[in-house]
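Worksheet for the structure shown next.
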2 protein chains.
Amino acid sequence: MADDYQMQQINGDQIGTGQKPLLELYVKASGIENRRIGACLFCQEFWMELYALYEIGVVRVEVKTVNINSEAFKKSFLGAQPPIMVENKNATYTDNREIEGRIFHLAKEFNVPLFEKDPVVEKRIESLYRNFKIFLRSKSEHDRERKGSSPTPMDSLPPQQKASYNKLVEQLSNIDQLLSERNSRYLLGQSMTEYDCELMPRLHHIRIVGQRLLGFDIPLNL
Amino acid sequence: MADDYQMQQINGDQIGTGQKPLLELYVKASGIENRRIGACLFCQEFWMELYALYEIGVVRVEVKTVNINSEAFKKSFLGAQPPIMVENKNATYTDNREIEGRIFHLAKEFNVPLFEKDPVVEKRIESLYRNFKIFLRSKSEHDRERKGSSPTPMDSLPPQQKASYNKLVEQLSNIDQLLSERNSRYLLGQSMTEYDCELMPRLHHIRIVGQRLLGFDIPLNL
């Protein structure tokens with residue numbers, strides 16, 4: 001039903017594992033390789049948030065990739081879909097609001113600044129994925145109508161499609177600019193926050209879907 | 001792909017519909033009757049919240065029941081699952097956190113006390129469904145091991161199963177008591193809040209699953 005990835009103890013901390021909460025995250029398996037995490041954005045986001053807690057040694061984490069169509073899986077969680085988080089083999093969280101709420105409280109309990117707020121960053125990354133989906137829909141409809149064998153190059157797009165493309169690239173540039181101004185590894189500084197956990201899987205989706213379906217690449221200078 | 005339930009204008013308000021946001025909620029169809037809302041708790045919860053906004057005439061709402069296995073549906077939302085909310089045919093919300101966030105802002109904008117807080121109520125209804133699932137799992141395992149043709153009556157349960165049963169019934173009694181003390185239609189008073197929207201679908205699930213699978217009924221006096 002699931003493959004277990006018990007993460008290795010890499011940070012050599014001395015807290016007894018008996019004390020640390022055990023968080024099991026059930027994620028959608030990749031369609032290509034069923035032991036790897038699949039394309040579910042929320043699974044990837046929560047996995048990164050849990051990793052941030054795991055990395056500094058305050059929780060134990062196990063990621064379980066599941067085939068969402070397997071009857072055994074469906075039965076175990078009464079039909080709920082990944083992401084699903086189970087704490088200490090006991091409390092089950094099946095709603096994204098609940099999962100995030102629980103991670104929020106754990107971060108607070110262990111003084112991890114995972115949910116620190118920053119209105120500038122928030123504004124800058126807001127709607128990125130939505131803008132990408134608008135571009136995706138409009139360009140793929142255009143390509144389909146054109147019936148060409150390859151995606152239309154960006155330079156030859158009609159004004160409406162071109163506008164959605166420009167908007168997306170402009171937003172990507174603005175995010176890049178923010179990172180270069182701040183000269184930091186993550187959006188808020190030296191440690192990862194929920195903004196990074198939200199942004200990174202989405203950027204990866206944009207890159208892959210863009211390359212494969214749209215003839216679009218995140219510009220090299222970004 | 002979807003059946004539309006355009007709700008009738010029942011409250012005769014005078015605001016032009018052109019001004020009101022149109023919210024389309026895609027919900028999982030019932031397995032028995034595909035034009036009815038299915039057993040997805042989150043779909044039911046958001047449907048109730050939207051109804052609360054619709055009822056007082058501040059938004060337009062359309063509920064669309066969908067077959068989640070249909071290819072057309074999967075394509076329209078790039079693989080996202082219900083509940084999905086679309087605002088003004090334009091902004092799409094596929095994450096429970098986003099959907100709730102948007103409804104929260106709409107309620108605030110229109111001064112609807114849908115998200116009013118009440119720590120007593122919160123405490124009282126907290127974990128009800130979790131406690132039910134613990135009882136469900138423990139009793140159905142017991143029934144299966146017994147291999148009887150009908151569910152074990154509550155009086156004959158072994159201590160562990162009996163304890164999960166007692167805990168559930170006690171919590172249901174406490175909720176009932178709160179409602180009777182407050183002598184109000186809803187948990188917080190005369191108007192519906194998110195607590196009701198959360199609780200009611202769960203109570204309905206408990207009733208149906210309890211009757212059909214467990215030989216359990218919510219006690220008649222509650």
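Being a predicted model, the structure only gives us computed values, none of them experimental. Below, chain A is the first sequence line, B the second, and so on; all start at residue 1.
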Does [atom1] in [X] sit with more than 12 non-hydrogen atoms of other residues, nucleotides or ligands closer than 6.0 Å?
| X | atom1 | answer |
| --- | --- | --- |
| A/Q160 | CD | no |
| B/E122 | CD | yes |
| B/K167 | NZ | no |
| B/K133 | NZ | yes |
| A/K162 | NZ | yes |

| field | Within-4.5 Å side-chain heavy-atom neighbours: B/Y129 and A/T94 | value |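 No, too far: nothing below the 4.5 Å cut-off.
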- Message: Less than 4.5 Å apart, side chain to side chain, heavy atoms only: is that true for B/T92 and A/R130?
- Response: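 Heavy-atom side-chain distance check fails, nothing below 4.5 Å.
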Side chains of A/N96 and B/N96: do they bring a donor and an acceptor to under 3.5 Å?
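The criterion, which ignores hydrogens and geometry beyond distance, is not satisfied for B/N96 and A/N96.
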* **Note: A/E45-B/R97 ion pair, threshold 4.0 Å (strictly below)** =>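 Salt bridge flag = yes for B/R97 with A/E45.
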Would you give the length of the straight line joining atom [atom1] of [X] to atom [atom2] of [Y], rounded to the nearest 0.5 angstrom?
| X | Y | atom1 | atom2 | value |
| --- | --- | --- | --- | --- |
| B/D95 | A/E198 | CG | CD | 8.5 Å |
| A/S140 | B/K75 | OG | NZ | 10.5 Å |
| B/C40 | A/Q81 | SG | CD | 10.0 Å |

message: Please classify the contact of B/L136 with chain A as side chain, backbone, both or neither, using a heavy-atom distance under 4.5 Å.
response: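 Side chain of B/L136 only, per the 4.5 Å heavy-atom cut-off to chain A.
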